[in-house]
Amino acid sequence: LEYTNNTPQGGGGKESEMKQKFSVTGMTCSACQAHVEKAVRHTEGVQDVQVNLLSNSMVVTYDQAAVSPETQDGTAEQLKEMKRRLIVSFAFMIPLMYISMGHMFAWPLPWFLHGDENAISFAMVQLLLALPIVYVNRKYYQVGFKALFHGAPNMDSLIAIGSAAAIVYGLFAIFRIGFGLGHGQMDVVHHYAMDLYFESAAMILTLITLGKYLETRSKGKTGEAIRKLMDLA
């Protein structure tokens, strides 16, 4: 999570007591909100904490003599990073979807992607197009599996499991295609060539990233509007 320090809201009862509001980016669901609140509450010197998922904010009351905030401006940088991921994801997803679904609509494809005898080429091209999408969106796996292993799964865990399952099955299908070609079992080759699912993993990651980008941008605009209204008040 990235924290952006905002203007302190004033002290409390003690001279060293400070109440301060932070912007918190990276939360995706109520489970993230609960984990952030729990982690901050257990920090030495923190007396009270309230986390708001909708506004991506956190209000902390703490003892300045015991703890001090470490801050960085992460919201704008997060939007830029998401935009870069979106550009890369769509750049590879469009040809991936064309290749994986083209035969269903009789779209023209290169000769080395036609027929069961070229099933390995058909599968490997899809895998190579899916890998950059998986790489630029690796944050879902890093955060999701980490949360899962700690016994606190969140939305990133669901995304990671779903897309990883599609990738793993696609790799299994490639081995089955190779086995079928080596043993002359063309029915096996045809079956697994139609069950690769690399495009499913790419679609999951791309659409989720698009949704989060739009959500983050919308929250930023809403927060800015609320701050302007507060200034007017």
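Because the structure is predicted, anything quoted here is derived from the model rather than measured.
Both F122 and L171 belong to a single network of hydrophobic side chains, linked directly or stepwise wherever heavy atoms of I, L, V, M, F, W or Y lie under 4.5 Å apart. When hydrophobic clusters are built by joining Ile, Leu, Val, Met, Phe, Trp and Tyr residues whose side-chain heavy atoms come closer than 4.5 Å, directly or via intermediates, L207 is grouped together with V88. When the side chains of ILVMFWY residues are joined at heavy-atom separations under 4.5 Å, either directly or via intervening members, M194 and F198 end up in a single hydrophobic cluster. Cluster membership check: V143 does not share its hydrophobic cluster with L205, using side-chain heavy-atom separations under 4.5 Å among Ile, Leu, Val, Met, Phe, Trp and Tyr. Under a hydrophobic-cluster definition in which Ile, Leu, Val, Met, Phe, Trp and Tyr are linked whenever side-chain heavy atoms come within less than 4.5 Å, directly or via other members, I204 and I99 are assigned to the same cluster.
S218 places no side-chain N or O within 3.5 Å of a backbone atom of L214 that could act as its donor or acceptor partner. Panel note: side chain E199, backbone M97; no donor-acceptor pair is recorded below 3.5 Å. Between the H150 side chain and the K146 main chain, a donor and an acceptor come within less than 3.5 Å of each other.
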query: Does the side-chain contact (heavy atoms from CB on, under 4.5 Å) test come out yes or no for L148 and I161, once each step is laid out?
result: CA-CA 10 Å; L148 182 63; I161 292 172; 3.9 Å; yes

field: K19 vs T61, side-chain contact (heavy atoms from CB on, under 4.5 Å): CA-CA, chis, key distance, verdict
entry: CA-CA 4 Å; K19 186 176 183 180; T61 304; 3.7 Å; yes

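Residues L210 and M82 form no side-chain contact, since every pair of their non-hydrogen atoms from C-beta on lies 4.5 Å or further apart. Contact check for R41 versus E37: side-chain heavy atoms found under the 4.5 Å cut-off. Two residues are said to be in side-chain contact when any heavy atoms from C-beta on lie closer than 4.5 Å; V59 and K21 meet this criterion. Taking 4.5 Å as the limit, some side-chain heavy atom of V136 sits within range of a side-chain heavy atom of S89. Within the 4.5 Å cutoff, the side chain of L196 has heavy atoms near those of the I177 side chain. A 4.5 Å side-chain heavy-atom check between L181 and M186 finds at least one atom pair inside the cut-off. Two residues are said to be in side-chain contact when any heavy atoms from C-beta on lie closer than 4.5 Å; V189 and I120 fail this criterion. Between P108 and Y98 there is a side-chain heavy-atom pair separated by less than 4.5 Å.
Of all heavy-atom pairs spanning F112 and V125, the tightest one is CE1-CG2, 4.4 Å. Annotation for S157 and G144: closest pair OG-O, 2.6 Å, computed over non-hydrogen atoms. The two atoms that bring A164 and F145 nearest to each other are CB-CZ, 4.2 Å, heavy atoms only.
Looking at L129, T206, L131 one by one, the single match for side-chain contact (heavy atoms from CB on, under 4.5 Å) with F92 turns out to be L129.
Partners of W111 by ring pair (Phe, Tyr, Trp, His ring centres under 6.0 Å), not counting sequence neighbours: none found. Every residue was checked against the ring pair (Phe, Tyr, Trp, His ring centres under 6.0 Å) condition with F149, not counting sequence neighbours, and none meets it.
At least one test fails for R138 against the ring of Y141: distance under 6.0 Å to the centre or angle within 45° of the axis.
Cluster partners of M155 are L158, counting Ile, Leu, Val, Met, Phe, Trp and Tyr whose side-chain heavy atoms approach within less than 4.5 Å, directly or via other members.
With ring centers used as reference points, Y192 lies under 6.0 Å from F172.
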